Participant: 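The structure's right below; bear with me while I get my questions together.
Worth knowing before you read on, the calculation uses all heavy atoms, side chains too, and leaves out hydrogens, waters and symmetry mates. Fair warning: this is a prediction, and the values are worked out from it, not measured in the lab.
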Amino acid sequence: MSEISIESFNKKYGIEKKIWFSEIGEITVVNIKTSHCEASIAMQGAQLINWTPVGQKPVIWLSQDARLVNGKSIRGGIPVCWPWFGAHDSQTHFPAHGYARTVQWELFEVNENEKGTVELGFKLVPNQSVAGMWPFSCPLELRIRLDSFLEVTLITQNNDSQPVKISEALHTYFAVGDIRKTRVSGLDGCFYLDKVKEFARFQQAGDILFTSETDRVYLDTENTCVIHDEAWQRKIHIEKQGSQSTVVWNPWQNKSNAMGDMGAEGYLSMLCVESANAATNVVVIEPGTEHRLMVRYHVT
Ligand code: BG6
C-alpha cells in the first residue's frame, strides 16, 4: 500500500485522534480510539490485531515476531479462516485455513453511534490468486463492533445456484498473564477431536487446563466459554451464535519454537479459543440465503 492510499483512506474515513490509518510493515492498518477501547485492524484479512478496553491489558494477543507481510498470515489477532478450516478436504496444496486471511479486504463502512460504539464493515475482495480455489459466488462480509465489548460477525452469502458447503473460524488469539495459570470453562461434558492424538475422540471432564500442546475441536457446542486468567485476575467471556464447534489451541514450547513467528516464550502468554464450524459441523448454505457466525467478547 502506498502513502497515497493511506492519505485517501484518512480523507475518506479518518476522524482526528479517533480513526486513522497507518502502515505496519507492508500492511495498512486502521486504528480506532474511543472512550471505550483502542483497536487496530489490518486491511489484509480484515484481521483485528488489537482490542484493549479502557483500563485493561490487551485482550487480543499479537506475537512480538508476527510478520506483517503481503500475502502471509499474521500470527495473532483474529484471523478469519474461510471457506475452509484446517487443511482443504481434497487439495493438499491449498493454504491451511482457507485464503480469506491473506487477501485484501475493502473497508466499505465506518459508523459511530451516540453511545460511542464504532462499527466497521469489510468485504473480501477476491483476486486472481484465489479464483481457482473457490468456484462459487459467495460474497463475504465481516462486521466489527468496538465498545467495552467486541463483537465480530462473519456473513457468508450464497449467490450461487447450488448449495455451498463451508467450514470456518474466527481464530481468536487471546492474551493471558500465564497459560500455566489459565483454564477454560464452558465445555464440560462436550466431545472433542484431539489433533495431538490423531483426531481421537474424547469427552471433556471439567475445565480445560494447559500443561502441554493442546489442539482440540469441540463439536456440537454453542456454549459460552470463559477464560479464567488467574495471573491477570480477569475473566474473558466468549459468547457466540451460528458456531457449532469450539477449537482450543496452544502449541506449547517445541511446536512454538518450530513455527518461527511465535516470539520467544510467546506460547506462555496466549491461547486460541476459536468459534468455528469445523470437522462434522460444516455448514451448508442454500442458494439465495446467508449464514452468520457471530462472537461477542467482554472482560470482567
Ligand atoms: C488451529 C489448528 O486452529 O490453528 C492448529 O487447530 C494449527 O492445528 C493452528 O496449528 C495454527 O494454524 P496456522 O495455519 O495459523 O499456523
Side-chain angles (χ1 to χ4, degrees), residues 45-46 73 78-92 94-101 124 133-134 136 138-143 151-158 160 162-174 184-205 207-208 213-227 236-251 271-297:
S73 57
I78 310 186
V80 174
C81 304
W82 186 96
W84 59 87
F85 176 83
H88 188 275
D89 269 356
S90 56
Q91 306 298 320
T92 48
F94 283 4
H97 291 331
Y99 55 78
R101 61 179 177 165
L124 183 143
M133 292 192 238
W134 190 249
F136 310 105
C138 289
L140 186 67
E141 209 178 289
L142 191 78
R143 306 199 73 90
E151 203 177 280
V152 183
T153 309
L154 182 66
I155 307 163
T156 309
Q157 286 168 352
N158 181 359
D160 222 274
Q162 54 185 309
V164 166
K165 204 194 267 184
I166 60 160
S167 54
E168 59 184 344
L170 293 171
H171 187 309
T172 308
Y173 289 74
F174 290 99
V184 174
S185 64
L187 295 165
D188 186 20
C190 293
F191 287 92
Y192 64 91
L193 304 179
D194 193 337
K195 288 201 187 181
V196 179
K197 296 186 175 130
E198 278 144 17
F199 288 87
R201 190 179 161 94
F202 296 94
Q203 187 172 20
Q204 182 65 35
D207 293 348
I208 304 167
E213 183 185 353
T214 304
D215 193 355
R216 303 173 179 177
V217 184
Y218 288 84
L219 298 166
D220 308 315
T221 174
E222 281 222 12
N223 290 2
T224 294
C225 288
V226 179
I227 298 173
I236 304 171
H237 301 256
I238 303 168
E239 295 162 79
K240 60 175 190 165
Q241 282 171 16
S243 156
Q244 289 295 319
S245 321
T246 299
V247 179
V248 179
W249 180 59
N250 181 293
L271 79 160
C272 289
V273 179
E274 308 166 35
S275 297
N277 288 300
T280 50
N281 293 139
V282 291
V283 174
V284 177
I285 311 169
E286 295 300 327
T289 68
E290 64 175 34
H291 160 75
R292 286 177 179 241
L293 191 173
M294 197 271 278
V295 295
R296 192 179 163 110
Y297 308 138

Participant: Report the residues that fulfil side chain to side chain donor-acceptor pair (under 3.5 Å) with Asn281, sequence neighbours left out, ordered by chain and then residue number.
Facilitator: Asp220, Ser245
Participant: So Ile285 and Thr156, do their side chains get closer than 4.5 Å, heavy atoms only?
Facilitator: yes
Participant: Does the gap between the ring centers of His237 and Tyr297 come in under 6.0 Å?
Facilitator: no
Participant: Enumerate, atom names and distances included, each donor-acceptor pair closer than 3.5 Å involving a side-chain atom of residues 185-199, sequence neighbours excluded.
Facilitator:
from: Ser185; atom 1: OG; to: His228; atom 2: NE2; distance (Å): 2.8
from: Asp188; atom 1: OD1; to: Gly206; atom 2: N; distance (Å): 2.7
from: Asp194; atom 1: OD1; to: Val196; atom 2: N; distance (Å): 2.9

Participant: Is any side-chain heavy atom of Leu154 less than 4.5 Å from a side-chain heavy atom of Val80?
Facilitator: yes
Participant: Side chains of Trp249 and Thr214: do they bring a donor and an acceptor to under 3.5 Å?
Facilitator: no
Participant: Is it the case that the ring center of Phe94 lies less than 6.0 angstrom away from the ring center of Trp84?
Facilitator: yes
Participant: Check the pair Thr246, Lys240 against side chain to side chain contact (heavy atoms under 4.5 Å, CB included), reporting the backbone distance first and the verdict last.
Facilitator: CA-CA 10 Å; Thr246 299; Lys240 60 175 190 165; 2.8 Å; yes
Participant: Side-chain contact, heavy-atom cut-off 4.5 Å: Val164 with Val284?
Facilitator: no
Participant: Within the 3.5 Å criterion, strictly below it, is a donor on Tyr218 or Arg216 matched to an acceptor on the partner's side chain?
Facilitator: yes
Participant: Got a sec, which residues hit side chain to side chain donor-acceptor pair (under 3.5 Å) with Gln157, two or more places apart in sequence or on another chain?
Facilitator: none
Participant: Whether the Gln244 and Glu222 side chains hold a donor-acceptor pair (N or O, under 3.5 Å, no angle test) is what I'd like checked.
Facilitator: yes
Participant: Nearest 0.5 Å, what's the NZ-CG distance between Lys165 and Asn158?
Facilitator: 13.5 Å
Participant: Do Ile155 and Arg143 pass the side chain to side chain contact (heavy atoms under 4.5 Å, CB included) test, and can you show the C-alpha distance, the side-chain angles, and the key distance before you say yes or no?
Facilitator: CA-CA 8 Å; Ile155 307 163; Arg143 306 199 73 90; 4.1 Å; yes
Participant: Might you work through the side chain to side chain contact (heavy atoms under 4.5 Å, CB included) test for His291 and Asn277, ending with a clear yes or no?
Facilitator: CA-CA 11 Å; His291 160 75; Asn277 288 300; 3.6 Å; yes
Participant: Do the non-hydrogen side-chain atoms of Val248 and Cys272 ever get within less than 4.5 Å of each other?
Facilitator: no
Participant: Side chain to side chain contact (heavy atoms under 4.5 Å, CB included) for Leu142 and Val152? Distances and angles first, verdict last.
Facilitator: CA-CA 7 Å; Leu142 191 78; Val152 183; 3.6 Å; yes
Participant: Could you check if a side-chain atom of Pro83 sits within less than 4.5 angstrom of a side-chain atom of Glu168, using non-hydrogen atoms only?
Facilitator: no
Participant: What residues, two or more places apart in sequence or in another chain, satisfy salt bridge (charged side-chain N to carboxylate O under 4.0 Å, His left out) together with Glu286?
Facilitator: none
Participant: Might you confirm whether atom CD of Gln241 has over 12 heavy atoms from other residues, nucleotides or ligands at distances under 6.0 Å?
Facilitator: no
Participant: What is the minimum heavy-atom distance between Arg101 and Ala96, and which atoms define it?
Facilitator: NH2-O, 3.2 Å
Participant: Distance-only, no hydrogens or angles: does the Ser167 side chain make a donor-acceptor pair with backbone N or O of Phe85 under 3.5 Å?
Facilitator: yes
Participant: Can you tell which of Ile208, Val247, Ile227, Thr172 makes a side-chain contact (heavy atoms from CB on, under 4.5 Å) with Val273?
Facilitator: Ile227
Participant: Any side-chain heavy-atom pair from His97 and Ser73 closer than 4.5 angstrom?
Facilitator: no
Participant: Kindly write out the residues that satisfy salt bridge (charged side-chain N to carboxylate O under 4.0 Å, His left out) with Arg296, not counting sequence neighbours, or none if the list is empty.
Facilitator: Glu151
Participant: Are any non-hydrogen side-chain atoms of Tyr173 and Leu271 less than 4.5 angstrom apart?
Facilitator: no
Participant: With rounding to the nearest 0.5 angstrom, report the CZ to CD1 distance, Phe136 to Ile166.
Facilitator: 11.5 Å
Participant: Glu213: what forms a side chain to side chain donor-acceptor pair (under 3.5 Å) with it, not counting sequence neighbours?
Facilitator: Lys255
